[in-house]
Amino acid sequence: MRFSKTFLPTTKEAPKDAVLPSHIYLVRAGFVSQIGSGIYNFLPLGKIVLDRIRAIVKEELDKAGCQETQLGFVTPLSLWDESGRSAKFGSELLRFKDRKNNDFVLSPTNEEAMVDLVRNRLTSYKQLPQNLYQINTKFRDEARPRYGLLRGREFLMKDGYSFHESYEDLDREYDLMQKTYSKILDRLGLDFRVVEADSGAIGGSGSREFMVLADNGEDDIVVCGSCEYGANIEAAKRVKKEYQHKVLELKEIHTPESKTIDELAEFFSLPKTQFVKAVAKKAIYEDKDEVVIFFIRGSEELQETKACSFVGAIELIDADESELENPGFIGLDIAGVRKVVDIELKDEENLITGANKQDYHLQGYSLKGKEFEYADLVTVREGDKCVSCGGELSITKGIEVGHIFKLGDRYSKALDATFLDRNGKRVPYIMGTYGIGVSRLVAVVVEQSHDEKGIIWTKNSSPFEVVVIISDIKKDDQRDFGEKLYEDLKAKGVRVALDDRGERFGFKMSDFELIGIPKAVIVGKKLKDGEVQIVKRATLEKIDVKTDEVMQRVLEL
RNA sequence: CGGAGUGUAGCGCAGCCUGGUUAGCGCACCUGGUUUGGGACCAGGGGGUCGAAGGUUCGAAUCCUUUCACUCCGACCA
């Protein structure tokens, strides 16, 4: 590619609203441009990068035996009604009508469409397993798009769906997909962790996210310093914490004005860990709602996603005080309402909890042998201990670029998609679903690999391996040498670009640093002495090279 | 969805509060010249429905109303 003939609008100034490096540089370097809120155009260079990443995804998936398909971007709303998800997705699902007044949606994901494609076609266990995928545009009408390509409304995603006759076979495919996804991210040169994720709301037995470590990530992830354990904060586990508490006689204590844990800890002069915090939430289900009280240790924070998954609600909202009796004094013995108790409180003694009576708390409370719904409810903290090795956990930021999920029969059942098993019995497919955000990966690479001058593409994500920069296009010797080197490199199969624009040297160097191609050959002043320079983008180190060695040096670097 | 902002040339901004010639500035762009290893300099030039609609006024980028778009903080995000 010759830059002199390329649509490559680089700018000195960043878009005023861009905050993240990936957003700023991708726009400044002429890779993408915004056309609407959360909607981006890919310019020639951006399209090359997007296609390269797409190609790597496809290559690894095909190697793993997956088959590429392409589903319609527009799907009939009726399919979403059939699975029950049109309500669940809410206004994130962009709906519209055609001229005949039929309802359609822009696909935000394609479980329904893929199940519809195979049902009545994969009718025997002999035809299973199958893993079908597509790399296609998705649209989610996000309430608040932001961060450039990282959270757009329209984006390119690979979504795959596997169909199995048994859970054992699903497990095998799930592991294979984890390996395959890891290979893809490795090839892109990304620093990532595979973490346990919440899988409650949608059901199913397992869910893992692929998190690229980045300061600007939107997700908090818990990682172990001593082993491979990692989990989204929403699903992270820890070793139970033990405490030695002062023995307390069982009795009601008058505690006026003391409602919060802080106030109580001061009132009793006891550690917060000895108290039981009651967190009242209203759980919203598809067909009803109810108040649920979650009880956790006073020193802990409720992890809402865990709580929500456990009760199987669509979402939890704060309960209104008017819906509660004795707010501030709610205790474990409250009646007439659903209660869930944190598993770390099981069999604990000498606790202080509300007395379910205005201005009173109950001390010396024991949970020994008491029947409650117990569940893991608390948020893991920095410094907690790892469940798999006992090591110290720390919290870091990540960007989710992939998600694999054991779906089970949720969609196949809802859509009545079945096959005949070995016993001639009609059963629903056992399914897995696997996604990678392809356009998001473009931004993620930049997020993880840039400096104050611009992008530093990794080897396999870069639009080109090398750019030949002709310092002064008006000098015949420089132009001739640069052109020949460019043609020779192309002939060797190197992905090479030629910066033959009539700009000054400094301009072209700044663009090189901004655009981020891993290396450049500068054909300039030193050509008279039989030398050119090779520059590495990552270090900006310049190496003088004899003109007759440059081919070889470029190839080996 | 709650809160807060911003819309003036391709991009970044000033002007608006306190209405009044022909709406400015920097970058970018075009022409000519001089430069040529770190985003050059000189001279000349082109480009605007001031987001849109309505209103007040002799007169509106400026005041009022409505509306659209975009952004930020939060909530949300299989």
Side-chain angles (χ1 to χ4, degrees), chain A residues 9-20 23-24 27-28 30 33-39 80 83-93 107-112 138 140-148 150-153 155 157 159 161 197-204 207 209 218-219 232 234 284 304-305 308-309 314-318 399-400 403-407 410-411 414 431-435 437 440 453-454 469-475 478 501-514 520 522-528 531-533 535 540 542 544:
Chain A
T10 57
T11 62
K12 268 198 255 192
E13 284 181 290
K16 70 171 170 179
D17 300 313
V19 205
L20 296 192
H23 188 189
I24 292 170
V27 173
R28 278 192 54 206
S33 92
Q34 185 174 3
I35 177 80
S37 178
I39 307 173
W80 293 80
S83 71
R85 273 213 296 183
S86 65
K88 186 165 178 110
F89 250 96
S91 45
E92 216 169 280
L93 193 61
S107 300
T109 174
N110 290 79
E111 280 79 6
E112 287 82 355
K138 302 289 181 296
R140 295 182 189 179
D141 198 359
E142 292 274 351
R144 181 142 114 77
R146 64 186 114 175
Y147 302 145
L150 285 180
R151 179 169 294 285
R153 292 194 294 174
F155 53 96
M157 185 172 96
D159 49 320
Y161 310 88
D198 170 53
S199 59
I202 197 170
S207 163
E209 291 167 336
E218 288 191 88
D219 292 287
N232 192 306
E234 295 175 347
I284 311 291
E304 279 203 31
T305 306
C308 188
S309 297
I314 294 172
E315 65 168 333
L316 294 182
I317 59 174
D318 290 339
I399 300 169
E400 179 188 344
H403 200 162
I404 59 175
F405 214 114
K406 294 183 190 175
L407 273 182
R410 189 187 156 194
Y411 289 89
M431 292 178 59
T433 177
Y434 320 92
R440 180 178 277 188
K453 296 193 167 186
I469 300 172
I470 298 171
S471 175
D472 186 348
I473 198 70
K474 288 186 188 153
K475 296 260 164 58
Q478 292 184 19
R501 293 176 297 176
E503 301 286 352
R504 294 162 68 90
F505 177 73
F507 183 96
K508 284 185 275 202
M509 279 307 286
S510 298
D511 262 9
F512 163 66
E513 286 153 358
L514 178 62
I522 300 172
V523 181
K525 271 186 163 173
K526 296 196 172 175
L527 192 62
K528 287 194 291 291
E531 282 185 353
V532 295
Q533 285 174 306
V535 189
L540 296 178
K542 291 180 181 172
D544 291 325

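What's counted below: heavy atoms across the whole structure, side chains too, no hydrogens, waters or symmetry copies. Quick note on labels: first sequence line is chain A, next is B, and so on, each numbered from 1. Model, not experiment: these values are computed from the prediction.
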Novice: Both distances below 3.5 Å, Watson-Crick or wobble geometry, any strand: find the nucleotide opposite rU34(B).
Specialist: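 Per the H-bond distance test, rA40(B).
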
Novice: With nearest nucleotide decided by heavy atoms, which residue, Gly435(A) or Gly506(A), maps closer to the 5′ end of RNA chain B?
Specialist: Gly506(A)

Novice: Can you find a pair of side-chain heavy atoms, one from Asn110(A) and one from Lys138(A), that are under 4.5 Å apart?
Specialist: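 SC-SC contact between Asn110(A) and Lys138(A) confirmed.
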
Novice: Between rU34(B) and rC70(B), how far apart are the P atoms? Round to whole Å, please.
Specialist: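 It works out to 49 Å between them.
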
Novice: How about Ser91(A) and Asp141(A): do any of their side-chain heavy atoms sit closer than 4.5 Å?
Specialist: no

Novice: Enumerate all atom pairs, one protein N or O and one N or O from nucleotides 75-77 of chain B, separated by less than 3.5 Å.
Specialist:
unit_1: rA75(B); atom_1: N6; unit_2: Arg146(A); atom_2: NH2; d: 3.4
unit_1: rC76(B); atom_1: N4; unit_2: Arg146(A); atom_2: NH2; d: 3.0
unit_1: rC77(B); atom_1: O2; unit_2: Arg151(A); atom_2: NH1; d: 2.4
unit_1: rC77(B); atom_1: O2; unit_2: Arg151(A); atom_2: NH2; d: 2.6

Novice: Which whole number of Å gives the distance between the P atom of rG51(B) and that of rU6(B)?
Specialist: 13 Å

Novice: rG59(B) and rG19(B): how far apart are their P atoms, nearest whole angstrom?
Specialist: 15 Å

Novice: Partner lookup for rU65(B), please. Criteria are Watson-Crick or G-U wobble with both distances under 3.5 angstrom; report none if nothing qualifies.
Specialist: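 rA53(B) - that is the nucleotide pairing with rU65(B), both distances being under 3.5 Å.
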
Novice: Of all the nucleotides listed (rA78(B), rG37(B), rG38(B)), which has the minimum atom distance to the side chain of Ser510(A)?
Specialist: rG38(B)

Novice: Here's a test of your reading of the structure: between Thr10(A) and Tyr434(A), which maps to the more 5' nucleotide of RNA chain B?
Specialist: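 The residue whose closest nucleotide sits nearer the 5' end is Thr10(A).
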
Novice: Could you tell me whether Ser37(A) contacts a base, only the sugar-phosphate backbone, or nothing, with contacts defined as non-hydrogen atoms closer than 4.0 Å?
Specialist: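 Counting heavy atoms under 4.0 Å across all strands, the contact made by Ser37(A) is with sugar-phosphate only.
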
Novice: Which residues pass the side chain to side chain donor-acceptor pair (under 3.5 Å) test with Glu503(A), not counting sequence neighbours?
Specialist: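 Result, side chain to side chain donor-acceptor pair (under 3.5 Å) vs Glu503(A): none returned.
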
Novice: To the nearest angstrom, how far is Phe89(A) atom CZ from rA78(B) atom P?
Specialist: 7 Å

Novice: Take atom CZ of Phe507(A) and atom P of rG39(B), then tell me their distance rounded to the nearest Å.
Specialist: 12 Å

Novice: Hey, does Glu234(A) reach any base, or is it just sugar-phosphate, or nothing, if we go heavy atoms under 4.0 Å?
Specialist: nothing

Novice: Taking the same atom, C1', in rC16(B) and in rA60(B), what whole-Å distance lies between them?
Specialist: 10 Å

Novice: So which nucleotide from rG39(B), rC72(B), rU36(B) ends up closest to the side chain of Asp472(A)?
Specialist: rU36(B)

Novice: Whether the Thr305(A) and Asp198(A) side chains hold a donor-acceptor pair (N or O, under 3.5 Å, no angle test) is what I'd like checked.
Specialist: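 Judged by distance alone, the side chains do not pair up.
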
Novice: Under the rule for side chain to side chain donor-acceptor pair (under 3.5 Å), what residues qualify as partners of Glu142(A), not counting sequence neighbours?
Specialist: Arg151(A)

Novice: Which nucleotide in the list rU36(B), rG37(B), rA78(B) gets nearest to the side chain of Lys542(A)?
Specialist: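 Minimum distance to the Lys542(A) side chain belongs to rG37(B).
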
Novice: Both distances below 3.5 Å, Watson-Crick or wobble geometry, any strand: find the nucleotide opposite rG48(B).
Specialist: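 Paired with no nucleotide.
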
Novice: Which is true for Gln533(A) with a 4.0 Å heavy-atom rule: it touches a base, it touches only sugar-phosphate, or it touches nothing?
Specialist: base

Novice: Starting at CG of Leu527(A) and ending at P of rU36(B), how long is that distance when rounded to a whole Å?
Specialist: 18 Å

Novice: Rounded to whole Å, please give me the gap between CD in Glu513(A) and C1' in rG39(B).
Specialist: 10 Å

Novice: Sticking with atom P, work out how far rC27(B) lies from rC42(B), rounded to a whole angstrom.
Specialist: 10 Å

Novice: Write down the distance separating the C1' atoms in rG45(B) and rC64(B), rounded off to the nearest Å.
Specialist: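 Their C1' atoms lie roughly 41 Å apart.
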
Novice: Between the protein and nucleotides 6-14 of chain B, list the N/O to N/O atom pairs that are separated by less than 3.5 angstrom.
Specialist:
unit_1: rU6(B); atom_1: O2'; unit_2: Lys16(A); atom_2: NZ; d: 3.4
unit_1: rG12(B); atom_1: O2'; unit_2: Glu13(A); atom_2: OE2; d: 3.4

Novice: Counting only Watson-Crick pairs (N1-N3 plus N6-O4 or O6-N4) and G-U wobbles (N1-O2, O6-N3), all under 3.5 Å, who is the partner of rC13(B)?
Specialist: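 Matched rC13(B) with rG24(B) under the 3.5 Å cut-off.
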
Novice: Could you list the residues that satisfy side chain to side chain contact (heavy atoms under 4.5 Å, CB included) with Leu540(A), not counting sequence neighbours?
Specialist: Lys453(A), Glu513(A), Arg537(A)

Novice: Report the distance from atom OH of Tyr147(A) to atom P of rC70(B), rounded to the nearest whole Å.
Specialist: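 After rounding, the gap between these two atoms is 18 Å.
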
Novice: Starting at atom NZ of Lys508(A), determine the distance to atom C1' of rA40(B), rounded to an integer number of angstrom.
Specialist: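 It is 14 Å, rounded to the nearest whole Å.
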
Novice: Under the side chain to side chain donor-acceptor pair (under 3.5 Å) rule, collect the residues that match up with Gln533(A), sequence neighbours excluded.
Specialist: Asp544(A)

Novice: Only counting residues at least two apart or in another chain, list the ones meeting side chain to side chain contact (heavy atoms under 4.5 Å, CB included) with Tyr147(A).
Specialist: Leu20(A), Leu150(A), Glu218(A)

Novice: Reading nucleotides 44-52 of chain B from the 5' end, what letters show protein touch, with B for base, S for backbone sugar-phosphate only, - for no heavy atom under 4.0 Å?
Specialist: ---------

Novice: Taking Arg85(A) first and then Glu111(A), would you say they form a salt bridge - that is, a charged N and a carboxylate O separated by under 4.0 Å?
Specialist: yes

Novice: Taking side chain to side chain donor-acceptor pair (under 3.5 Å) as the test, write out the residues that go with Ser471(A), two or more places apart.
Specialist: none

Novice: Please list each protein N or O that sits under 3.5 Å from an N or O in nucleotides 28-30 of chain B, with the distance.
Specialist:
none

Novice: Take atom P in rC13(B) and the same atom in rC68(B), then report the distance between them in whole Å.
Specialist: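 That atom pair is separated by 25 Å.
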
Novice: Once you apply a heavy-atom cut-off of 4.0 Å, does Lys474(A) come out as touching a base, just sugar-phosphate, or nothing?
Specialist: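 It contacts base atoms.
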
Novice: Mind checking what makes ring pair (Phe, Tyr, Trp, His ring centres under 6.0 Å) contact with Phe505(A), not counting sequence neighbours?
Specialist: none

Novice: With no hydrogens and no angle check, is any side-chain donor or acceptor of Arg153(A) less than 3.5 Å from a backbone partner on Gly36(A)?
Specialist: no

Novice: Could you tell me how far rA43(B) sits from rC50(B) if I compare only their C1' atoms? Round to whole Å.
Specialist: 30 Å

Novice: Verify the contact: side-chain N or O of Gln34(A) to OP1 or OP2 of rU71(B), cut-off strictly under 4.0 Å; return yes or no.
Specialist: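 Yes, Gln34(A) has a side-chain N/O under 4.0 Å of OP1/OP2 on rU71(B).
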
Novice: Applying side chain to side chain contact (heavy atoms under 4.5 Å, CB included), name anything that partners Ile24(A), two or more places apart in sequence or on another chain.
Specialist: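 By the side chain to side chain contact (heavy atoms under 4.5 Å, CB included) rule, Ile24(A) matches Ala14(A), Ala18(A), Arg28(A).
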
Novice: In whole Å, what is the span from the CZ atom of Arg28(A) to the C1' atom of rC27(B)?
Specialist: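 Result: 12 Å.
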
Novice: Take the protein atom CZ of Arg504(A) and the nucleotide atom P of rC27(B), then report the distance between them rounded to whole Å.
Specialist: 15 Å

Novice: rU71(B) pairs with which nucleotide, Watson-Crick or G-U wobble, both distances below 3.5 Å?
Specialist: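 Per the H-bond distance test, rA4(B).
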
